[in-house]
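Following: one structure in structure tokens, then a few remarks.
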Amino acid sequence: MLNRNAEALFWIGRYIERAENHARLIDVHYHIQQEEDFQEEGHKWSRLIDTLGVRNEYLRQFESFSEQDVLSFITLDLGNTNSLFSCVHQARNNLRTLRQHLPSELWDIVNGFNLWLGEQSVADIMRGPHQFYQQVKERAAMFLGAEQSVMLRGNEWHFIESGRFLERAENTTRILQTVTVSCKSKDINSIYTQLQAVLKSVSGYQSFRRYYADDMSPECILEFLIVNPLFPRSIRFSFHKLEEHLAKLELDTTEKGSGHEKVIRQAGKIKAELDYMEKDEMSGDLALDVLESLMISCQRLGRTMDGAFFRREGVSV
Amino acid sequence: MSKLDPLPGLSPYPLQHFYDEMYADERNVRPHYKHVNRMFSGMSPEELQEKQKLMQRRMMEEGITFTLYNPAQDQPMERTIPFDMIPRIIPKGEWERLEAGIVQRITALNLFIHDIYHEQYIVKDGIVPRRMIISNCYFRPEMSGLRVPGGAYITTSGIDLIRHHDGEYYVLEDNLRTPSGFSYLFKGRSLMNQLFPELSFASSIRDVDHSLNRFLSVLRSLSPSRTKDPVIALLTPGEYNSAYYEHAFLAQQMGIHLVEGRDLVAQDHKIYLKMMNGLRRVDVLYRRLDDDFIDPLAFQPSSLLGVAGLMNAYRAGNIAIANAPGTGVADDKAMYVYVPDMIRYYLNEEPILGNVPTYLLSRPQERQYVLDHLSEMVVKETSLSGGYGMLIGSEATKEELIDFRLKILAEPERYIAQPIMSLSRAPVLSEGSMAPRHIDLRAFVLMGADRKPHVIPGGLTRVAMREGSLVVNSSQGGGVKDTWVMA
């Protein structure tokens, strides 16, 4: 496999995961109501933009927040590199350079996904937002399913999965950061709705209930989403998986000091920190620090991978 | 339900003075088209439209697309090529003659290129003027005196042929650099087999799949190393290139590496692939880039697409490049005029296939004649292809004619002119019924180190999809047909 192919695979994993996360977030935030939503025109839509962290990009194109502009920008706009369609489009273009390495079912699914999004209009989405985002989730699930059931467990597979879990860890961290920051300035009722929305967006509401019943305190939710060992969208779970896939990559050089070994060590370190985290680290400003340091770790790991696998120069013959 | 053609055999459109591939005259279908004609005539317009839609949909789903860049749009458009379902059929005897003519032509052209980069006998003997070589922008002095593997320069080529109203085939141009269209040929056939299994079962058509095996062994034969399993890579400009699908398709089918310039590195006059497990030496590079871009050290210094040091590795005999750099010297539209003479000179044979009469506008007499008859001429820029920079006199406006006249007078050596040939027509399906369209034929030739040209049976029939139009290039909205050679 070429270095460039490995990078393309890693990003396929990230893009598909990102598209799915976008769909989950938009769907949930679309359906929750906050008091301010009724007081201020456009509040609901600017909230959606903030959840995805794209306020600056949005304001470069638009002056005010309307349902149509916001949905179009975050869902269908190919000019916005972070829109849902852009993610799928990128994944599809990456897959296009790899068709000889992957089962053809994966191409059919991602290309079909891309074609389908190309046929959608904002009007279609507004007619039934929930159905639309549901379908996005289903198509992402189809990709995951086909990948699970037909792909050889070789380097190709481990690169896609590494991308997926790094993206998932980073995404969960980002959402929790946004919520934790905004919770500081709000009354308990609106915090409750927000946290509930986060749980719902990661489909974790039911699982959460099994652990904590009705104890909807911010600490519990943070604990659940950061360190729960069994919930597949928690940050700890993601890092366990990430380390596992990185360790299974078969390269010719795994001696000490190699980029590959460095990546495994970094992922393992974060994993260990999460394994030994205490509940009292989940409250107040401490939680903000934890999330901040997790975000930095995710980004640093991404850069280390870049240097270790994708941009190696002068490799030995 | 209304049938397409209530009286099978009667042509559904007037034939006018054109050669029609399916109809001998208005009452008779040519014998080799009988079966196909019967089948399409027996289908309802609704059924045909349904199949056509299915075909285009399948092409989108499989990603059989090319990319069109339009400055007016920020996103490049990915399009499927219009694929017409009525095959173009070439009878056995006719094909054998075409094949012989193409083999003869490519053999002579390959000898010519070798000669030009060595002794230049043909220039010394006064057949081809020296300035035609020196002033040719595709001439590569770097290739002079260089021995290429097996002496095969033109590994892949595409010869464009048309059929005039006299029923004869004429060569329109020779594409000797990196012709494209292979994927449409192979993919078109397999789509047809999926859509009309009954058709291909009932007719005995020459197989094309075998030519893909041949393609691979041709590339292998060029390998300078003695390993049994040489490493072969297809060098593509990348996913934004309009022919990217074809590059991916060929790499996949032949099981060779699909690489971009940044995946390659030169060390000690050898070229390596940057693999996850270290570097791997490349023996044969099938490049789908023009000469100018393959090596920034030797040619265009600003090119980011190629690999620095490739030409040095090539000169050192450590890698084969297909096609060899510098083959463009023979596919220039002005050099085309001399091909019949090359055949006589190198092979001592009369050309089997004729050229379209061509006027060199650098010759004063011919220039005057062309300027006097501009509205009956096709004028082409010698170094451009793909239907760009072309004037079709009969379709041009007054302003365009004046504009071209000035261009010709300013730089006569940049242009050639040909009388407007009446390209033959074949029926296409248009809204469920048959309508005539002009077509040509691109025949593909493969040549390995044994220098024996292999012509892929059939080739690619290109269709001018607009009624009456003569422009068949896909970049200008042309379509394609599956092309059958009867066994």
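Owing to the predicted nature of the structure, the values given are computational and were not obtained by experimental measurement. Hydrogens, waters and symmetry mates are skipped; everything else that's a heavy atom, side chains included, is used. Just so we're on the same page: letters track the sequence lines, and every chain starts at 1.
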Q: Determine, for B/F249 and B/K187, whether the Lys NZ or Arg CZ falls below 6.0 Å from the six-membered ring centre while staying within 45 degrees of the axis.
A: no

Q. So A/F62 and A/F73, would you call those rings parallel, tilted or perpendicular, with 30° and 60° as cut-offs?
A. perpendicular

Q: Using the six-membered ring wherever Trp is involved, compare the ring planes of A/F132 and A/W116 and label them parallel, tilted or perpendicular (cut-offs 30° and 60°).
A: parallel

Q.
Which residue is it: B/L446, B/T178, B/L219? I am looking for the one with a side chain to side chain contact (heavy atoms under 4.5 Å, CB included) to B/T156.
A. B/L446

(Q) With a 4.5 angstrom heavy-atom cut-off, is it the side chain or the backbone of B/R262 that approaches chain A, or both, or neither? (A) side chain

Q.
Under 4.5 Å from any heavy atom of chain A, what part of B/Q253 do you find: side chain, backbone, both or neither?
A. neither

Q) Are A/R96 and A/W107 in a cation-pi contact, defined as NZ or CZ under 6.0 Å from the six-membered ring centre and within 45° of the axis? A) no

Q | Segment of A/L115 engaging chain B (4.5 angstrom heavy-atom cut-off) | A | side chain

Q: Check whether B/Y245 gets within reach of chain A through its side chain, its backbone, both or neither, counting any heavy atom under 4.5 Å.
A: both

Q | Engaged part of A/N93 at the chain B interface, taking heavy atoms whose separation is under 4.5 Å | A | both

